[in-house]
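It should be emphasised that the depicted structure is a prediction, and the values quoted were computed from it without experimental measurement.
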Amino acid sequence: MPPLPGGRKGSGCFRRGRCSVSRLNFAQGLGVARTLRCLHALKVGWKVCWAKAEEEEEQSRMAFLSHDISMLRLFETFLENTPQLTLLLYVILQTNKAEPSQGLGICTAFLCVAWSLLDYHQSLRSFLQDKYELSLGSSVVYFLWNFFLICPRILAVALFALLWPYGVAVHFPLVWLAMFLWVSLQGTDFMESPGPEQLYRAMVAVILYFSWFNVAPGRTLYRSIIYHGFILVDSTLLALSWLWGRSPSDEHSYLVPVVAAALPCYLLGLALRVAYYKWLHPNVQVQQEGGYDEVDANGRSNGLEFRSLSMPDLVNRRMQRLAQTQFPVSRPAEQRFLNGATATESAV
């Protein structure tokens, strides 16, 4: 992940950030980089609340850290928390026993997975102008459609593991490999060198095992249909395998109605996603203002405009690139982005 913001050589921001970068790189090797980033973000946030001088600079540093933490939280959710949630659900179904605290923990974990996706999306939206900010209604719909899509997927994997625990050890690598190849074919450029880029694609493939994650510019409609069609068929086969393999006297018969409700739940999530992109996505506002959806048009002239950046050397470039992948960018905004990136590279 990107280090803490530096700045132009000789600037106060660069001098104050050098030790933080060294500590952060060391902490990342120990696996506690996100914790250190959160603590540093709290420190910078406190300074933003009380600082009189250099307020704009501190606010830029705070925005950088919040974008960085959002991306790390998303990776942590799908690389650690979601597999643990699936395992916990499997253990509870296997033992057929659950404490109230475990039930509460599972419900909270499902909510946290959907919340991490919403937080990531809000972080990407922060690069857009204020008029495209995510409203309360849009946030609720975005949260719900992710929640309704993720729950059936995790349930299907846990049920499959209930009868064939070692089958998951075969199923996950095969699906992960398919997702990794799919991401590689899309030609991502998140990192600066090929090695870290392959690691990034591997992590994205894990996310795609559970949830949709857009990583490349271009027309997203067909890719989304292919992905959700694949996941729907795969999850259905996993659930049918459990229904076919369980004995009639199985003590888990109470799960049959739950499995039957999983498909309508997934379809409801897809319907909410369609409703979000049809009425609540910022592209809709651009079209209403006379613009055009550049993501689905392969490079038309109009689109969403990013914020004007007064301090381009304190911008999370990778998150901004992902924001440009997620949202259409107008030509003037794209040119400002490229000019800012060139100025940053020349100053480092």
Report the residues that fulfil salt bridge (Lys or Arg N to Asp or Glu O under 4.0 Å) with R273, sequence neighbours left out, ordered by chain and then residue number.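 Testing R273 for salt bridge (Lys or Arg N to Asp or Glu O under 4.0 Å), a comparison that skips the adjacent residues, returns none.
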Working for ring-ring contact (aromatic ring centres under 6.0 Å, His included), residues Y142 and W145: CA-CA 6 Å; Y142 193 92; W145 72 254; 5.0 Å; yes
Can you name the ring pair (Phe, Tyr, Trp, His ring centres under 6.0 Å) partners of W115, sequence neighbours left out?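 Here no residue qualifies.
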Ring pair (Phe, Tyr, Trp, His ring centres under 6.0 Å) against Y227, all qualifying residues, sequence neighbours excluded: W212
Keeping to residues at least two apart or across chains, list the salt bridge (Lys or Arg N to Asp or Glu O under 4.0 Å) pairs with something in residues 100-121.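 Qualifying pairs, neighbours excluded: R73-D119.
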Is there any salt bridge (Lys or Arg N to Asp or Glu O under 4.0 Å) pair reaching into residues 229-243, and which pairs are they, with sequence neighbours excluded? R153-D234
Whether F147 and F110 hold their rings parallel, tilted or perpendicular, with breakpoints at 30° and 60°: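 Plane angle over 60°, so perpendicular.
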Are [X] and [Y] close enough that some pair of their side-chain heavy atoms sits under 4.5 Å apart?
X    : Y    : result
L111 : F143 : yes
T236 : Y266 : no
R223 : W182 : yes
C112 : N81  : no

Checking N96 against Y254: is there a side-chain donor and acceptor pair closer than 3.5 Å?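 Yes, a side-chain donor-acceptor pair sits under 3.5 Å.
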Hey, are H171 and Y166 close enough side-chain-wise for a donor-acceptor pair under 3.5 Å? no
Quick one: hydrophobic cluster around I226, which other residues, with the 4.5 Å side-chain cut-off, linked directly or via members? none
N/O donor-acceptor pair under 3.5 Å between T86 side chain and I154 backbone: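 No, because the side chain of T86 does not come within donor-acceptor range (under 3.5 Å) of the backbone of I154.
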Kindly say whether F190 contributes a backbone atom to a donor-acceptor pair with the side chain of E197 at under 3.5 angstrom? yes
Hey, does the Lys NZ or Arg CZ of R246 hover above the aromatic six-ring of W242, less than 6.0 Å from the centre and inside 45° of the axis?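 Relative to the ring axis of W242, which defines the angle, R246 lies inside both limits.
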